[in-house]
Amino acid sequence: MARMPRIVVPGQALHIIQRGNNRQPVFFRREDYPIYLEALQQAAVSHGCAVHAYVLMTNHVHLLLTPELTEGPSRMMQAVGRAYVHYVNRHYRRTGTLWEGRFKSALINSERYLLTCSRYIELNPVRAEMVNHPGAYRWSSYRCNALGRQNDIITPHPLYEQLGSDAGMRQSVYRGLFAGHIDETDLHSIRKGTETGAVIGNHRFREEVEATIGRCVTRYSHGGDRKSARFHEEKDDR
């Protein structure tokens, strides 16, 4: 079966996750993380991808970005993969696959999900019980977005910039978003949408994306069966 093409729209935010092969580690020592981040920064600039949030976990990576071009995310991830895998294979004298095939991605309705997805990404180390607070984890964008630490990888999204009239206010408001829990429905939408390559947003947003790219973006579990429960759920979400 032919794999579904990625749904990418220039100027629209995208959530990306890439895992290690068989869920195995991709970062082995502390010095590995800066190597990946350097490769990410260079590739993001080269391929027109504005990165808004990220986290590097032991065996997977989350990114939230906005591409300038449809092919930008794929080219960026290929460039990062080549650079980082070359480093790992040389440094650890290993061979074989490091990543689990293609990275997964989901187009996001920015107005509804962008800041929620950013929180979801930066809270990964807390959910994994690696730290008690996102600020205690060094390998994420939280210290930049919430505390104002210099980070050349991060480009603030316009919605982030609307949080306040100056940097201090934006950071304060952003920190406040972490005081509450992320809604379970939102968590489910982000996780399932990214795993399946679906568009994360309501019916109207999906219609707008379909009009932009000229094809259907709804993923059906039964080959698009219009009588399925999934179809009626999608239909009611208007």
Side-chain angles (χ1 to χ4, degrees), residues 1-10 12-27 36-37 39-40 43-44 47-67 69-85 88 97-110 112-114 116-125 127-128 139-141 153 157 182 184-201 205-206 209-210 213 215-221 223-224 230 234:
M1 180 183 295
R3 62 191 182 185
M4 296 292 289
R6 298 188 190 283
I7 302 171
V8 179
V9 175
Q12 189 65 49
L14 196 70
H15 176 219
I16 289 175
I17 181 170
Q18 187 167 33
R19 294 191 177 91
N21 190 42
N22 293 325
R23 308 295 177 100
Q24 295 299 306
V26 293
F27 301 104
Y36 183 95
L37 291 176
L40 174 62
H47 299 290
C49 292
V51 179
H52 313 304
Y54 68 82
V55 68
L56 310 186
M57 302 295 283
T58 305
N59 64 359
H60 67 281
V61 172
H62 286 270
L63 305 173
L64 178 62
L65 58 85
T66 299
L69 302 172
T70 302
E71 63 273 17
S74 291
R75 291 180 176 176
M76 183 195 78
M77 295 302 288
Q78 289 170 2
V80 175
R82 282 194 299 268
Y84 185 68
V85 171
V88 169
T97 301
L98 181 66
W99 301 104
E100 184 184 70
R102 301 175 83 211
F103 66 87
K104 298 180 184 298
S105 65
L107 197 71
I108 293 175
N109 182 342
S110 297
R112 174 69 177 82
Y113 287 104
L114 185 117
T116 300
C117 188
S118 185
R119 290 164 58 206
Y120 167 74
I121 288 172
E122 293 171 354
L123 281 168
N124 257 258
R127 286 193 299 272
W139 312 114
S140 87
S141 52
I153 297 171
H157 189 276
I182 298 178
E184 286 297 324
T185 302
D186 290 346
L187 279 174
H188 177 76
S189 296
I190 292 170
R191 287 168 174 163
K192 188 171 184 179
T194 308
E195 286 296 321
T196 61
V199 169
I200 303 175
F205 177 68
R206 291 193 291 271
V209 173
E210 288 175 347
I213 68 176
R215 62 181 173 86
C216 179
V217 300
T218 301
R219 311 294 202 195
Y220 293 107
S221 58
R230 173 68 178 278
E234 298 285 356

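FYI, side chains are in, hydrogens and waters are out, and symmetry mates aren't considered; it's all heavy atoms of this structure.
Put simply, the side chain of P125 reaches to within 4.5 Å of the side chain of V55, judged on heavy atoms. You'll find the side chain of L69 stays beyond 4.5 Å of the side chain of R75, heavy atoms only. The closest side-chain heavy-atom distance from H60 to E100 is not below 4.5 Å. In this structure, the side chains of R102 and R6 come closer than 4.5 Å at one or more pairs of heavy atoms. Contact annotation: the side chain of L40 approaches that of M76 to within less than 4.5 Å [non-hydrogen atoms, C-beta and beyond]. With a 4.5 Å cut-off on side-chain heavy atoms, L64 and Y120 do not count as touching. Contact annotation: the side chain of I200 never approaches that of R112 to less than 4.5 Å [non-hydrogen atoms, C-beta and beyond].
Counting all heavy atoms, side chain and backbone alike, L63 lies closest to Y54 at CD2-CB, 3.6 Å. Closest approach of Q12 and T66 over heavy atoms only: N-CG2, 3.8 Å. Taking all atoms of both residues into account, the shortest heavy-atom contact from G201 to N109 is CA-CB, 4.0 Å. Of all non-hydrogen atoms in C49 and P73, the two that sit nearest each other are SG-N, 3.7 Å. Between M57 and A128, the shortest heavy-atom distance links the atoms CE-CB, 3.8 Å. Contact record, L14 with I7: CD1-O, 3.6 Å, taken as the closest heavy-atom pair.
Between the Y84 side chain and the V26 main chain, a donor and an acceptor come within less than 3.5 Å of each other. With hydrogens and angles disregarded, no donor-acceptor distance shorter than 3.5 Å links the side chain of T58 to the backbone of P25. Without hydrogens or angle criteria, N59 side chain to G20 main chain gives no donor-acceptor distance under 3.5 Å.
Here the straight-line distance linking atom SG of C117 with atom CZ of R191 works out to 11.5 Å at 0.5 Å rounding. In this structure, OG1 on T116 lies 12.0 Å from NE2 on H15, to the nearest 0.5 angstrom. In this structure, CD1 in I16 is found 9.5 Å from OG1 in T194, a value given to the nearest 0.5 Å. Separation of atoms CZ (R127) and CD1 (I182) is listed at 5.5 Å; rounding is to 0.5 Å. Atom NE2 of H47 is separated from atom OG of S74 by 10.5 Å, given to the nearest 0.5 angstrom.
Residues satisfying the side chain to side chain contact (heavy atoms under 4.5 Å, CB included) criterion with Q18, sequence neighbours excluded, are M77, W99, F103.
With no hydrogens or angles considered, no side-chain donor-acceptor pair links S118 and H52 at under 3.5 Å.
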Could you walk me through whether F27 and V61 pass the side chain to side chain contact (heavy atoms under 4.5 Å, CB included) check?
CA-CA 10 Å; F27 301 104; V61 172; 3.9 Å; yes
